[in-house]
Amino acid sequence: MTPFTTKTLEEALTAKLMLNFGRAPEEATDQEMMKASALVLRDVMAMRGVETNKRTRREHRKQVHYLSLEFLMGRSLMKNAYNLEVLPQLKEALEHMGFKAADIFEIEPDAGLGNGGLGRLAACYLDSMTTLDIPATGYSICYELGIFKQKIVEGQQVELPDDWKGLGSAWLLPRTEEAEEVYFGGTLREFWNDGHLHIVNENATKVLAVPCDMVVAGYGTDHVNTLRLWDARSTKPVDMSLFSRGEYLKAAEEEAMAETIAKVLYPEDNHYEGKSLRLKQQYFFVSATVQSIARKHLETYGTLKNFHEKNVIQINDTHPALVVPELMRIFIDEAGMNWDEAWEITTRSVAYTNHTVLAEALERWPQNLVESLLPRIWQIIVEISRRWQEKVENFYHDPGKTRAMAIVWSGEVRMANLCIAGGMAVNGVSGLHSDILKKDVFRDACGMEPWKFQNVTNGIDHRRWLSEINPGLDSLIRDLTGGDDYLTHPLALKKLDDYAGDKAVLARLAEIKRQNKESFAAYAKKTRGVLLNPDAIFDVQVKRLHEYKRQLLNVLHIIALYQRLQDDPNAVTQPHTFLFGAKAAPGYAVAKRIIRLINSLADEIDHNPICKDKLQVVFLENYRVSLAERLMPASEVSQQISTAGKEASGTGNMKFMMNGALTIGTLDGANVEMHGVLGDENMFLFGLHADEVTQLKREGYVPQRLYSRDDTLRRCLDALRGGFRDGVAYDDLYQRLLFGAGGSPADEYLLLADFQAYCQAEERMAATYTDVEQWNRMSLRNIARSGIFAADRAVAEYADNIWHVPHK
Ligand code: 26W
């Protein structure tokens with residue numbers, strides 16, 4: 001039901017401007033208008049939230065709690081207006097009141113509370129859980145600074161703080177009355193009372209966790225959910241009078257801790273650092289969350305004994321793994337349960353999603369750190385570990401397996417094993433990834449408890465990533481499928497397949513892409529001063545910068561193309577623009593070098609007249625959700641070229657596909673499922689398969705052999721080594737590929753092994769592009785078959801197979 005007409009919305013905005021900012025519409029700034037719009041929509045959602053909560057309590061509905069250290073929400077104004085079905089009214093009201101709607105949407109900062117895939121997935125799932133009427137809450141930290149802003153200065157990445165809360169906080173509702181206290185450090189004192197052993201934590205540092213709630217609207221429903229972001233505060237301001245009582249230092253410590261905990265999101269993606277502040281963040285948000293869930297449960301049911309029947313806690317990778325001992329602590333220390341009962345309830349409440357198989361991303365906390373920071377939690381982990389180990393020994397009688405499955409081992413706490421032991425389900429995020437978990441990474445655990453291991457292939461919010469950001473395509477789909485049914489039934493996109501032979505439809509699809517390319521080019525020109533040629537293929541690789549994602553392989557191919565063009569200026573007839581966007585973790589030196597290389601190459605090509613209107617490379621600064629929203633509709637080629645077996649799923653791949661881009665990819669992650677629905681004929685597959693990668697490494701991979709054997713490759717690598725016109729040499733990258741460096745083997749990610757196959761795939765792609773009709777047909781089929789990659793499907797699978805909650 002639409003909550004507003006244009007007129008009533010205008011009235012609400014006017015009232016909001018006057019009440020909150022003391023302004024009449026004609027005096028208000030864009031910022032004030034953006035805030036007023038957010039507040040008006042927030043009011044509607046908050047009212048619906050009251051109803052949703054009442055119903056959940058009244059009907060004793062089971063609730064999902066989605067815990068993630070990252071929620072990469074991006075912007076919310078257009079999204080919420082879309083979901084509330086008032087987007088046209090909002091645009092009209094803004095224009096009528098003398099504002100440019102596009103400008104109002106544009107000034108909203110991205111809520112960048114995440115790094116990449118894992119964080120964006122959490123945001124998409126929140127939308128689907130709400131749309132499917134599942135009572136669900138997301139939990140994370142209200143970071144003061146989100147993912148850093150990236151500037152490119154002289155070709156290199158510079159990180160700037162992302163102070164998003166000024167305008168971004170318009171969506172947040174602080175709830176001081178629901179604050180929780182979280183305890184760090186201190187010493188344990190045990191005593192017996194009433195026949196029970198009691199444990200109290202003395203001299204602990206106390207931090208107050210204050211929820212800042214962000215209400216989330218679903219589409220086509222009045223159901224709303226909440227994203228609860230915990231802010232850290234000290235319980236009381238430091239008081240000099242405490243000095244005489246010797247409590248001053250404690251108070252100062254509490255204040256310092258409170259100020260740092262929620263300060264900044266860790267910008268490492270797929271790389272574990274082991275910093276104590278990160279562990280504090282994890283426990284802070286886990287403890288506050290579990291206490292808050294338990295408190296509400298007790299209010300409704302008066303007991304925690306049925307906790308698992310009414311709650312399920314989904315943990316997004318191992319980062320919130322401390323929920324397992326924290327639940328045990330609350331059940332035992334606060335509710336007085338015995339170990340077995342507490343364990344039974346815990347292990348029936350928690351489920352764990354794994355998002356990476358990279359060894360360097362697996363969390364292993366030093367035992368000393370856990371012990372000193374979280375003494376009671378440590379005791380509980382030790383007992384969990386002891387019992388688990390006993391179970392493993394009794395099952396396998398094999399010391400090798402005992403070691404592999406151990407939770408506490410040689411001075412470390414292995415968080416993945418803790419999650420497997422303490423949870424009812426473990427899932428990977430694509431078919432291939434889940435198989436690798438079962439057969440390799442968690443083989444022994446799967447052998448003992450096979451029923452726990454599942455697959456849920458990732459999905460994306462297709463309302464945001466198609467309908468909202470690509471209105472041209474949205475209206476074509478509505479015309480062809482007879483309405484907006486696809487918004488809630490994404491498989492309805494399949495109907496598009498019937499038009500694969502319809503020239504008029506294909507022409508219209510081409511025209512939509514053309515328009516989107518032109519508007520992206522206009523945006524790039526306005527904001528970055530880069531001139532993009534809309535006649536060129538828009539060939540895009542956007543994702544975090546990581547060696548396994550092989551941006552460097554893309555670069556090697558571009559160098560080869562560039563060299564071919566120098567030999568023969570007529571070698572390239574179809575203009576080709578390669579677009580990159582990627583943030584590198586600030587401490588990841590190699591990734592930063594690759595960014596610089598891309599910029600060096602872009603500059604070289606830019607200055608060579610032979611390349612004019614033929615070849616162009618552009619590095620898009622500060623890749624983020626809102627930039628992706630502009631880019632996806634304009635993209636024609638999607639680069640998904642990770643070393644097979646390394647990318648758990650990928651979700652960017654799905655966004656491109658839904659917007660009609662064709663994929664050049666390896667059989668990795670969800671590309672495998674894409675291939676399953678598209679077949680060889682609708683994508684450009686290349687390269688080694690996951691098992692071939694393993695085998696090649698086992699046999700001993702010698703990239704130098706490829707270097708000496710392959711002239712094109714050798715010439716490419718030599719050019720890379722010497723660098724380009726800016727005088728920066730890339731001998732370091734050359735050395736890494738041919739000889740290895742810093743402990744990593746030569747060409748760890750097999751770029752050289754896949755180089756020829758990749759070049760051939762690029763050639764097949766370029767040849768297909770010249771057959772305009774064929775290209776558009778393939779594009780249409782990609783859109784038609786992308787329905788299974790909707791987050792609605794993924795969330796429904798979680799609900800049916802893991803959470804056991806009903807849904808729409
Ligand atoms: C502890 C440091 C750290 C930080 C983040 C380790 C690991 C991570 C994430 C798990 C990395 C991540 O975002 N993984 C991505 O998750 C996506 C959603 O499932 C997948 O689509 C990507 O393939 C995977 O790389």
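One-based numbering, in listed order, for ligands and for the atoms of each.
- Nearest-residue assignment for atom 6 (C) of ligand 1 (options Asn270, Leu362, Leu72, Thr318; heavy-atom criterion): Asn270.
- Side-chain contact annotation: Glu621 with Gln150, donor-acceptor N/O pair under 3.5 Å absent.
- Any N or O atom pair closer than 3.5 Å counts here, and Glu70 shares no such pair with ligand 1.
- Geometrically, ligand 1 and His355 share a nitrogen or oxygen pair separated by less than 3.5 Å.
- Below 4.0 Å from some heavy atom of Glu268 lie the following atoms of ligand 1, by number and element: 4 (C).
- The distance from ligand 1 to the heavy atoms of Tyr548 drops below 4.0 Å at these ligand atoms: 25 (O).
- Taking only nitrogen or oxygen atoms, main chain and side chain alike, Val429 does not reach within less than 3.5 Å of ligand 1.
- Separation of the Tyr623 and Phe580 ring centroids does not fall under the 6.0 Å cut-off.
- Heavy-atom proximity to Asp317, at under 4.0 Å, picks out these atoms of ligand 1: 10 (C).
- Contacts with ligand 1 closer than 4.0 Å are made by heavy atoms of both the backbone and the side chain of Leu118.
- In this structure, the separation between CG on Asp792 and CD on Glu797 is 11.5 Å, given to the nearest 0.5 Å.
- Only the backbone of His271 comes within 4.0 Å of ligand 1, counting heavy atoms alone; no side-chain atom from C-beta on gets that close.
- Between Arg120 and ligand 1 there is no heavy-atom distance shorter than 4.0 Å.
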Requested in this report: For side-chain hydrogen bond (donor to acceptor under 3.5 Å, both in side chains), just list the numbers for Thr353 and Gln314, CA-CA rounded to whole Å, side-chain angles, deciding distance to a tenth of an Å, and then say yes or no.
Outcome: CA-CA 7 Å; Thr353 306; Gln314 185 70 43; 2.7 Å; yes

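- Taking distance alone, with nitrogen or oxygen atoms compared against 3.5 Å, Leu121 stays at or beyond that limit from ligand 1.
- The residue from Glu273, Gln281, His271, Glu70 that alone fulfils the side-chain contact (heavy atoms from CB on, under 4.5 Å) condition with Tyr266 is Gln281.
- The N/O atoms of Asn458, backbone and side chain alike, include one that comes under 3.5 Å of an N/O atom in ligand 1.
- Annotation for ligand 1: atoms under 4.0 Å from non-hydrogen atoms of Asp269 are 11 (C), 13 (O).
- In this structure, Tyr272 has its ring center under 6.0 Å from that of Trp365.
- Per-residue contacts place Gly650 under 4.0 angstrom from the following atoms of ligand 1 (heavy atoms of the residue considered): 20 (C), 21 (O), 22 (C), 23 (O).
- With hydrogens and angles left out, the side-chain atoms of Gln639 and Gln551 include no donor and acceptor closer than 3.5 Å.
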Requested in this report: Start with the C-alpha distance between Lys583 and Asn622, add both sets of side-chain angles, then the distance that settles side-chain hydrogen bond (donor to acceptor under 3.5 Å, both in side chains), and finish with yes or no.
Outcome: CA-CA 7 Å; Lys583 286 178 181 173; Asn622 201 28; 3.0 Å; yes

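- Close contacts between ligand 1 and Ala648 involve ligand atoms 23 (O) [criterion: under 4.0 Å to a heavy atom].
- In summary, the aromatic rings of His546 and Tyr588 are positioned with their centroids under 6.0 Å apart.
- When only modelled atom types and interatomic distance are considered, Gln640 and Lys543 share a side-chain donor-acceptor pair under 3.5 Å.
- Protein heavy atom closest to atom 22 (C) of ligand 1, with residue, atom name and distance, is Glu647 OE1, 3.3 Å.
- Under the 30°/60° scheme for interplanar angles, the aromatic rings of Trp803 and Tyr798 are found to lie parallel.
- Distances between N or O atoms of Thr356 and those of ligand 1 include no value under 3.5 Å.
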